[in-house]
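Everything below concerns the one structure shown next.
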Amino acid sequence: MESQFKKNILITGGAGFIGSHVVRLMVTRYPHYRIVNLDKLTYAGNLANLHDVQEKPNYRFVKADICDPDEVRRVFEEYRIDSVIHLAAESHVDRSITDPLSFARTNVMGTLNLLEAARRTWQPATPHLFYHVSTDEVYGALPFGDALFTEETRYDPHSPYSASKAASDHFVRAYHDTYGLPVVLSNCSNNYGPYQFPEKLIPLFINNIRHNKPLPVYGKGENVRDWLYVEDHARAIDLIFHRGRTGETYNIGGFNEWKNIDLIRVMIKTVDRLLGRKEGESEKLITFVTDRAGHDLRYAIDSTKLKNELGWEPSLQFEERIEKTVRWYLDHQEWLDNVTSGDYQRYYQKMYGN
Ligand code: NAD
Ligand code: DAU
């Protein structure tokens, strides 16, 4: 039965935001691959994100911690894992400022455990791939202007989160150069779309606008992010996994830069319209608060290499995608209520004090 599968792919962090979109895409597009989703189900992981694929015959879920070497090794052996798409991480910059050690543990040591399991169980002659999913934040911050991050940009992380992701990227490349492990990496810009945990800007603000709660804009709201629809990212991961060159890094981005305050105004307009409120009624919720420590001014990705080598391009309908995203959160209040109970309330109180 098990030998019917052409590949046995371990996806880590598959119950999180981006991971759930990657799992859904791989499970449905490739019924001849077995997809093993390994996730610890931290506050950010939620099996409800995968309700539509959980019964598929080529899908398995394993609740485990990537920091547990014995368990990781057991999963590699039991499922005869031949490829890894590694997304599991602590991913929220603000949390990394209050708890840097857990970021080092998961993002650095967890990645090393996976690399070790791959190195120890994979035979050199057979085809394998360790795909490490990373972030544009490793490149640091750009000034306003034309410059974009390319694959050659020097690493310059500023937050404990980006420092931990940078360290994990270095370890992945070191395993390639030292042990010949077949690896590929991608560094992506800010994602948005359904199933994102509402501690990140877009779902947090949609939820707050709906409930007439203050919108805590850091600093003057002038920081710039390059927004990419999450399904575009999943599509890029699929392409790079199948056709990316071993040992290479690919930048993934939206060519879609927005100043935070401008994006927030688009969200306000969209939520107000969809809820039948007066245009701009919720502008009064904008509240400028103390800036994030070490807040990177601008991220912007040049994804020309991915376009030239693999033909990937971001979808360009930003306004439609944002509207679709707003609608999704408005239509899924139950999902939001489930993930914002308990610990989330304590986190929110500590972060924003209301
Ligand atoms: P997320 O926080 O929504 O999900 C992370 C998932 O990892 C959760 O399901 C969580 O339960 C799991 N996890 C955490 N610690 C674990 C552990 N020790 N063992 C096993 N599972 C664990 O994150 P996301 O936004 O979906 O990001 C996924 C990946 O993509 C991360 O590596 C992140 O650095 C990267 N990334 C994110 C973005 C973005 O905009 N969100 C952009 C570029 C890159
Ligand atoms: O660039 C890719 C990265 O994007 C990923 O690697 C991270 O995992 C992901 O969390 C994201 O990091 P950011 O820090 O850019 O995302 P966040 O949604 O936390 O914040 C987006 C911008 O909005 C940032 O400039 C900070 C600002 N912000 C955020 C929050 C949560 C606010 O002004 N107020 C807020 O309450």
*side-chain contact (heavy atoms from CB on, under 4.5 Å) with Asn256: which residues, sequence neighbours excluded?*
Asp226, Trp227, Trp258, Phe318
_Using a 4.5 Å cut-off between side-chain heavy atoms of Ile, Leu, Val, Met, Phe, Trp and Tyr, which other residues end up in the same hydrophobic cluster as Leu148?_
Phe255
_Going by the rule side-chain hydrogen bond (donor to acceptor under 3.5 Å, both in side chains), which residues pair with Asn107 if we only count those two or more places apart in sequence or in a different chain?_
Ser164
*Could you give all pairs that pass the side chain to side chain donor-acceptor pair (under 3.5 Å) test and reach residues 230-239, with sequence neighbours left out?*
Arg29-Asp238, Tyr30-Asp238, Asn191-His233, Asp232-Arg235, Asp232-Ser315, Asp238-His242
*Only counting residues at least two apart or in another chain, list the ones meeting side-chain contact (heavy atoms from CB on, under 4.5 Å) with His51.*
Tyr195
*Listed partners of Glu248 passing salt bridge (charged side-chain N to carboxylate O under 4.0 Å, His left out), at least two apart*: Arg245, Lys305
_Asp343: which residues meet the salt bridge (charged side-chain N to carboxylate O under 4.0 Å, His left out) condition with it, sequence neighbours left out?_
Arg346
*With Glu151 via salt bridge (charged side-chain N to carboxylate O under 4.0 Å, His left out) - residues at least two apart*: none
*Hydrophobic side-chain clustering at under 4.5 Å (ILVMFWY, transitive links): who's grouped with Leu297? Put none if nobody.*
Phe144, Val224
*For Lys200, salt bridge (charged side-chain N to carboxylate O under 4.0 Å, His left out) partners two or more places apart*: none
*Ring centres of Tyr229 and Tyr192 under 6.0 Å apart?*
yes
*Taking side-chain contact (heavy atoms from CB on, under 4.5 Å) as the test, write out the residues that go with Thr153, two or more places apart.*
Tyr139, Phe149, Thr150
*Is there any salt bridge (charged side-chain N to carboxylate O under 4.0 Å, His left out) pair reaching into residues 90-103, and which pairs are they, with sequence neighbours excluded?*
Asp94-Arg292, Arg95-Glu199
